[in-house]
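Remarks on the structure that follows.
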Number of protein chains: 2
Amino acid sequence: MGRPSSFADEAVYAAVARSLVEAGEVRLQAVTKAASLSTGSLYHRFGSREGLMAEAWIDAVEAFQVKFLAALAMPSDVPGLPAALATPRFCRNAPDRAALLVSAREREMMSDKAPDALHARLAAANGKARNALSGFAKAQGLPLERVRLALIGLPLGAVRLYLPKAPLPELIEQDIAKAASALLKQA
Amino acid sequence: MGRPSSFADEAVYAAVARSLVEAGEVRLQAVTKAASLSTGSLYHRFGSREGLMAEAWIDAVEAFQVKFLAALAMPSDVPGLPAALATPRFCRNAPDRAALLVSAREREMMSDKAPDALHARLAAANGKARNALSGFAKAQGLPLERVRLALIGLPLGAVRLYLPKAPLPELIEQDIAKAASALLKQA
DNA sequence: TTTATTCTAGAATAGATGTTCTAATATGGG
DNA sequence: CCCATATTAGAACATCTATTCTAGAATAAA
């Protein structure tokens, strides 16, 4: 009951990401304009700037982790390779969320002043991902550091050469696969 | 002649980098406090916030490029490998500049309002680096995209897994070398 | 239709941060 | 020693941006 909302949260998150990319910073005025909502609506829904930033960040992080963890569990000739390729795929399929993950500093998205509940939610998601990575490394008999490089650092570094300005080149997956495979092979 | 300056530019750049890392943003008050200078001095030397940010950024970029280009010209069993390892070395030797390169968005450091001369200086440096990379790729018969990944994207992605919060692990060079070598080998 | 509830609207406000400005301070040369 | 020059100092100022606040609008239930 009550008046229905006139906007979707994701549209606001997208506006946050675009504002960050285009202006180099997030101004609420830019967000309200891009997402076509009033300051009143924004504060009614998100409570504060910190709340909005934190929600947008968590939305992107969780969306990525879902894909990443699913890929990590996929069987493959080179175990882990699908997870390494989850990053470029995510960038193609969810460009706004990817732009946020690639461009924003966690420090500026998760302010100390953000609601505790959101900090807890992010910590839970990160803990889950950490555990999955540790389990994978152990199962494969590989050092966790190397796994993190192959599955996260390398793919992120690769897409950051292009995003958020340019589209990803066609063969980026091939190069990521080549480098990741070298890291994932049993010594 | 005239009163001598009481501070070094590099100390101010370092304060900019630390402020960015610790607070998630650069506030002039934090910079003046950390570098122990007055607002008057800051404006006398840098003209504006945009000028300061641009100078700090260019200082870090140029310092890195000097090391990178020297490494790129070094002979090696795996041509290019020293350049790939220039990034972790730079992070160890010049942590403040590295923190800036790793944490800042170019967009926020090089404001449109920054002096044209600084924009030109950065463009010149970037052009030089671009040419060197292209020359290397051509000489090695490798696609430029792959070279950029091996020498820049991969090492950056690797160090970003740790910086600016944690120190680099000892064996990061080994892993970078392993992955970079796989990319740099002639197909 | 009436009422309770939820959301929208946007002008007004408060607070923070970049910038300016004038006086004071330190050096080298005449 | 005094002048010209360059730099420092920091309070006052101006601007910008987040936030608040009150009135109004849209829905469902009674």
Side-chain angles (χ1 to χ4, degrees), chain A residues 1-57 104-105 107-116 118, chain B residues 1-57 100 104-105 107-115 118:
Chain A
M1 54 191 81
R3 182 173 179 171
S5 181
S6 70
F7 60 90
D9 291 353
E10 296 95 47
V12 183
Y13 302 152
V16 167
R18 291 195 196 127
S19 175
L20 177 67
V21 167
E22 283 161 29
E25 68 192 322
V26 178
R27 289 184 196 169
L28 296 191
Q29 187 179 344
V31 173
T32 55
K33 185 182 173 187
S36 299
L37 44 72
S38 64
T39 49
S41 297
L42 189 129
Y43 275 83
H44 179 73
R45 168 63 187 83
F46 299 102
S48 66
R49 183 183 196 276
E50 287 82 19
L52 167 64
M53 299 289 272
E55 285 204 43
W57 179 250
R105 289 183 288 275
R107 191 68 205 270
E108 69 188 333
M109 300 302 293
M110 297 299 298
S111 162
D112 295 338
K113 293 175 189 167
D116 290 343
L118 293 181
Chain B
M1 55 203 67
R3 182 173 180 172
S5 182
S6 69
F7 61 90
D9 291 353
E10 295 94 49
V12 184
Y13 302 152
V16 167
R18 289 194 197 128
S19 174
L20 178 66
V21 167
E22 284 161 29
E25 67 193 321
V26 178
R27 289 184 196 170
L28 296 191
Q29 187 180 342
V31 172
T32 55
K33 184 183 173 188
S36 298
L37 44 71
S38 63
T39 48
S41 297
L42 189 133
Y43 274 82
H44 178 72
R45 169 63 188 82
F46 300 102
S48 66
R49 183 183 197 277
E50 286 82 20
L52 167 64
M53 298 288 273
E55 285 204 44
W57 179 251
L100 205 61
R105 288 182 287 275
R107 192 68 203 271
E108 70 188 332
M109 301 301 293
M110 297 299 298
S111 162
D112 294 339
K113 293 174 187 166
L118 293 180

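Being a predicted model, the structure only gives us computed values, none of them experimental. Proteins get letters first, then strands, A, B, ... in listed order; numbering begins at 1 in each.
If you measure from atom CG of B/Leu37 to atom P of D/dG10, you get 11 Å, rounded to the nearest angstrom. The nearest whole Å value for the distance from the CD atom in A/Glu25 to the C1' atom in C/dG18 is 13 Å. Taking atom CD of B/Gln29 as the reference point, atom P of C/dG15 lies 17 Å away to the nearest angstrom. Between the C1' atom of C/dG18 and the CE atom of B/Met53 lies a distance of 12 Å, rounded to the nearest Å. Atom CD of A/Glu108 and atom C1' of D/dT17 are 16 Å apart (whole Å). Across the protein-nucleic acid pair, B/Arg45 atom CZ and C/dG18 atom P stand 18 Å apart, rounded to whole Å. Protein atom CG of A/Leu42 is 12 Å distant from nucleotide atom P of D/dT20, rounded to whole Å.
Heavy atoms of A/Glu50 sit under 4.0 angstrom from primed sugar atoms or phosphate atoms, though from no base atom. Note on B/Val26: only backbone sugar-phosphate atoms sit closer than 4.0 angstrom, heavy atoms only; bases stay farther off. Counting non-hydrogen atoms under 4.0 angstrom, B/Phe46 reaches nothing in the nucleic acid.
Put simply, B/Ser41 has a side-chain N or O that comes within less than 4.0 Å of OP1 or OP2 on D/dT8. Using a 4.0 Å cut-off, some side-chain N or O of B/Ser6 falls inside it from OP1 or OP2 of D/dT8. For A/Ser5, a side-chain nitrogen or oxygen approaches OP1 or OP2 of C/dT8 to under 4.0 Å.
You'll find that the side chain of A/Pro4 is closest to D/dT27, out of D/dT27, D/dT8, D/dT20. Taking only side-chain atoms of A/Met1, from C-beta outward, the nucleotide of C/dC7, D/dA29, D/dA9 with the closest atom is D/dA29. Distances were taken from every side-chain heavy atom of B/Arg27 (C-beta onward) to each of C/dT17, D/dT8, C/dT8; the shortest belongs to C/dT17. Of all nucleotides listed (C/dG18, D/dT8, D/dA18), C/dG18 comes nearest to the side chain of B/Arg49. Minimum atom distance to the side chain of B/His44 is reached by D/dA6, of the listed C/dC7, D/dA6, C/dT19. With C/dT19, C/dT8, D/dA18 as the candidates, the nucleotide lying closest to the side chain of A/Leu28 is D/dA18.
More than 12 heavy atoms of other shown residues, nucleotides or ligands fall within 6.0 angstrom of atom CD in A/Glu25.
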request  = Determine, stepwise, if the pair A/Val12 / A/Phe46 fulfils side chain to side chain contact (heavy atoms under 4.5 Å, CB included).
outcome  = CA-CA 10 Å; A/Val12 183; A/Phe46 299 102; 3.9 Å; yes

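For the pair B/Thr39 and B/Arg3, both in contact range of DNA chain D, the more 5′-proximal nearest nucleotide belongs to B/Arg3. Between B/Gly40 and A/Gly40, it is A/Gly40 whose nearest contact on DNA chain C lies nearer the 5' terminus.
At distances below 3.5 Å, not a single donor-acceptor pair connects side-chain atoms of A/Arg105 with backbone N or O atoms of B/Leu20. Side chain of A/Glu55 to main chain of A/Leu52: no donor-acceptor pair is present (N/O by atom type, distance under 3.5 Å, no hydrogens or angles). Proximity of a side-chain donor or acceptor of A/Glu22 to a complementary backbone N or O of A/Ser19 within less than 3.5 Å is not detected. A donor-acceptor pair under 3.5 Å is formed between the side chain of A/Thr32 and the backbone N or O of A/Leu28.
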